[in-house]
Enquirer: 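A single structure is presented below for examination.
These numbers come from a predicted model, not from an experiment.
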Amino acid sequence: MSLSSRPMSGPGVRSFARDRSVAQHRLAPGTLRRIAGFARPYRGKLAVFLALILLDSLLGVAAPLVYRSIIDDGIAHDRRGLVVGLAVLVAALATVSAVASLAQRWYSARIGEGLVYDLRTRVFDHVQRMPVAFFTRTQTGALVTRLDGDVQGAQQAFTSTLSNVVGNLASVVATIVAMAVLSWQITLLALVLLPLFVLPARLLGPRLQRITRERYQLNAVMGQTMNERFNVSGALVVKLFGVPERESAGFAASAGRVRDIGVTAAMYTRVFMTGLTLVAALATALVYGLGGSLAISGSLGIGTLVALTAYLGRLYGPLTSLSNLQVDVMTTLVSFERVLEVLDLEPSVADAPGARALERGASSITFEGVSFRYPAASEVSLASLESVAQLSQGAGADVLREVSFAVPPGHLTALVGPSGAGKTTVTGLVTRLFDATSGVVRVGGQDVRDVTQQSLRDAIGVVSQDAHLFHDTLRANLLYAKPDATEAELVAALQAAYVWDVVAALPEGLDTVVGDRGHRLSGGEKQRLAIARVLLKSPAVVVLDEATAHLDSESEAAVQRALGTALARRTSLVIAHRLSTVRHADEILVLDAGRIVERGTHAELVARGGLYAELSRTQFVEGAEPAGEPATATG
């Protein structure tokens, strides 16, 4: 804060543009206590920060008093030395104020950025630990907003909002006291004129709130449009259906409305500022009129009149801001509450107290009477992250019912069955993406709920139909499985996955950026890279949602060769879509409606003439085997 007056400014206008309905919000019990907990590590810095704010306010109040003395005590009595001395004092006050302002900004930045770091890392770490069910329901944009907008809003509770409240209160109290000492008549006149300053804000505030809310909504719509249309999959849909003109027209309509709102908001803001400036000028004129009359009569010094006029700006600006104090404070507190809401949602899959690491080399898989139903939405998500008023409280029907089987070490078990039979759910329970509703899932003889998730997933490698690659280099995508892998290990994994020739032929080799979701690579190349990533991890157990289901015959042959390496001498649980995998499995489990209805080898099940035999005729791809060795567990 400078030594000059503090008129209403841009941030003050934005304050009145905020949604006033937030003031009616009831905070969850304990929110303030928890907010204070976040501030505890910064209490020393906060104390210094508040002291600097108070010092700055007091310095600002002191300046007009020095001006008064220069005029009334120095100039009026021809005391040149006093005038010079007081002028030096003004310079000293300005210097101290400048230093205090810089220090205040430093502490504000340290506290604010520290809180942003604390909140962001806490939320990011917490969200990373949420189960897959959370991510299948949550809107990604809403979740990102919590990490960005709400975290930024929350930190303002300890920086800009705290600074404004304390600074404005201190400034108002000190200014009114100083003015009352100088002239109670002019102080009373100044307070009587206060409603004229609040009036422009009250008249224009609702209009600003309405158009600001609409602008946020339109910006959200445009952001969602860009996110969906600018990724590879969305861009392909737009191009293949030939509707770029329609997309451009829709986007242009939203952007045009945002443009119009921007013009309207700019005019409202200018009217707001002009109104305040005009009222301030009128107030100054009245004070000069009354004060001038008192000065002529000899009851008020000219310097005192100048000081009182200087105090007007320091009085009206802060008082007008404080008139919207409840909205400003609640806006920041609600942002904090929205962040805490995410932190309070406990992961439904978590390490048990005292969980131990899975023994290295453990590789058997056992299901003992396992049943599973997907949890209710209220158990894994938040209504605000799904943009719904209320989440469903009811749980779904059982997806698995009393499933029991065992996969001995080094064996390959195939899961087959119609769509929706529960095959993917079985593999999700092995990797503990979900927890069984009843029964026990064991890996290496240990209940997966009794071991740490990290050790369990270190022991299991997964290859899905849609191999996901991050928008990064091939090297970075491979190192995700083993960050300390050497160049030789990377090359060996790529060779074992029959994809090294492809990588070596790229201009930048391992440092080639694969693009969004790996779209610069073919489906077969992505699958083989995913297999190379699993080979680099070298797990004891491989779970495979067969990666060849949607590939052409040439790509399938290459992937099958890679799978032969990946599954060799490893315990394997495979969702089978191809006859080649099923035919060489040690055991085939046929699922239907969440139950195992048949089990045995390919030959046994075909001879039985049941559901498997029907599936083998209608769903599995018959005919010649792909080139290369078939995928087997024994290799």
Enquirer: Closest heavy-atom contact between Lys423 and Pro418?
Expert: NZ-O, 3.2 Å
Enquirer: Under 4.0 Å between a side-chain nitrogen and a carboxylate oxygen: does that hold for Arg599 and Glu604?
Expert: no
Enquirer: Check the side chains of Thr452 and Ser455 for a donor-acceptor pair under 3.5 angstrom, ignoring hydrogens and angles.
Expert: yes
Enquirer: Please check if the side chain of Thr512 supplies one atom and the backbone of Gly509 the other of a donor-acceptor pair under 3.5 Å.
Expert: yes
Enquirer: For Gln446 and Asp450, does a side-chain donor sit closer than 3.5 Å to a side-chain acceptor?
Expert: no
Enquirer: For Glu341, what residues pass the salt bridge (charged side-chain N to carboxylate O under 4.0 Å, His left out) criterion, not counting sequence neighbours?
Expert: Arg146
Enquirer: Donor-acceptor check, side chain of Glu598 to backbone of Leu611, threshold 3.5 angstrom: yes or no?
Expert: yes
Enquirer: Between Phe367 and Phe405, how do the two ring planes meet: parallel, tilted or perpendicular, split at 30° and 60°?
Expert: parallel
Enquirer: Does the distance from a Lys or Arg side-chain N to an Asp or Glu carboxylate O, for Lys482 and Glu489, drop under 4.0 Å?
Expert: yes
Enquirer: Rounded to the nearest 0.5 Å, how far apart are CG of Leu343 and CG of Asp125?
Expert: 10.0 Å
Enquirer: Surrounding CZ of Phe135 (heavy atoms of other residues, nucleotides or ligands, distance under 6.0 Å), is the total greater than 12?
Expert: yes
Enquirer: On a heavy-atom basis, which atom in Gly369 and which in Glu402 lie closest, and how many Å separate them?
Expert: CA-OE1, 3.7 Å
Enquirer: List the residues meeting ring pair (Phe, Tyr, Trp, His ring centres under 6.0 Å) with Tyr480, not counting sequence neighbours, and say none if there are none.
Expert: Phe470
Enquirer: Do the charged groups of Asp344 and Arg34 touch, with an N to O distance under 4.0 Å?
Expert: yes
Enquirer: Do Asp150 and Arg338 sit within salt-bridge range, that is, some charged N less than 4.0 Å from a carboxylate O?
Expert: yes
Enquirer: Roughly how far, to the nearest 0.5 Å, is the CG atom of Leu469 from the CG atom of Asn477?
Expert: 4.5 Å
Enquirer: Any ion pair linking Asp435 and Arg432 (charged N to carboxylate O, less than 4.0 Å)?
Expert: yes
Enquirer: Consider side chain to side chain contact (heavy atoms under 4.5 Å, CB included). Of Thr437, Thr425, Thr424, which one does Val399 pass it with?
Expert: Thr425
Enquirer: Identify the two heavy atoms, one from Val151 and one from Leu119, that lie closest to each other, and give their separation to 0.1 Å.
Expert: CG1-CB, 3.9 Å
Enquirer: CG/Leu415 to OG1/Thr413 distance, rounded to the nearest 0.5 angstrom?
Expert: 7.5 Å
Enquirer: For the residue pair Pro131 and Pro347, what are the closest heavy atoms and their distance?
Expert: CD-CA, 4.1 Å
Enquirer: Above 12 or not: heavy atoms from other molecules or residues under 6.0 Å from CZ of Arg401?
Expert: yes
Enquirer: Please round to the nearest 0.5 Å and tell me the distance separating atom CG of Leu474 and atom CG of Leu494.
Expert: 8.0 Å
Enquirer: Determine, step by step, whether Arg475 and Asp511 satisfy the salt bridge (charged side-chain N to carboxylate O under 4.0 Å, His left out) criterion, reporting the C-alpha distance in whole Å, the side-chain angles of both residues, the deciding distance to 0.1 Å, and the verdict.
Expert: CA-CA 6 Å; Arg475 184 189 306 277; Asp511 295 315; 3.0 Å; yes
Enquirer: So with a 6.0 Å cut-off around CZ of Arg129, is the heavy-atom count from everything else above 12?
Expert: no
Enquirer: Given 3.5 Å as the limit, does a donor-acceptor pair link the side chain of His126 with the main chain of Leu345, or not?
Expert: yes
Enquirer: Do NZ/NE/NH1/NH2 and the carboxylate oxygens of Glu368 and Arg442 come within less than 4.0 Å?
Expert: yes
Enquirer: Under 30°, 30 to 60°, or over 60°: which ring-plane class applies to Tyr612 and His602, parallel, tilted or perpendicular?
Expert: perpendicular
Enquirer: Indicate the atoms forming the closest heavy-atom contact of Leu429 with Ala436, along with that distance.
Expert: CD2-N, 3.6 Å
Enquirer: For Arg457, which residues count as a side-chain hydrogen bond (donor to acceptor under 3.5 Å, both in side chains) partner, sequence neighbours excluded?
Expert: Gln453
Enquirer: Say whether, by atom type as modelled, one donor and one acceptor occur between the side chain of Thr571 and the main chain of His411 under 3.5 angstrom.
Expert: no
Enquirer: Pair Leu333, Ile35 - check side chain to side chain contact (heavy atoms under 4.5 Å, CB included), show working.
Expert: CA-CA 8 Å; Leu333 294 184; Ile35 291 174; 3.5 Å; yes
Enquirer: Side chains of Tyr42 and Asp118: do they bring a donor and an acceptor to under 3.5 Å?
Expert: yes
Enquirer: Under a 4.5 Å cut-off applied to non-hydrogen side-chain atoms, are Thr366 and Val440 in contact?
Expert: no
Enquirer: Which atom pair, heavy atoms only, marks the closest approach of Thr473 to Leu510?
Expert: CB-O, 3.8 Å
Enquirer: When rounded to the nearest 0.5 angstrom, what is the spacing between CD1 in Ile588 and CD1 in Ile596?
Expert: 12.5 Å
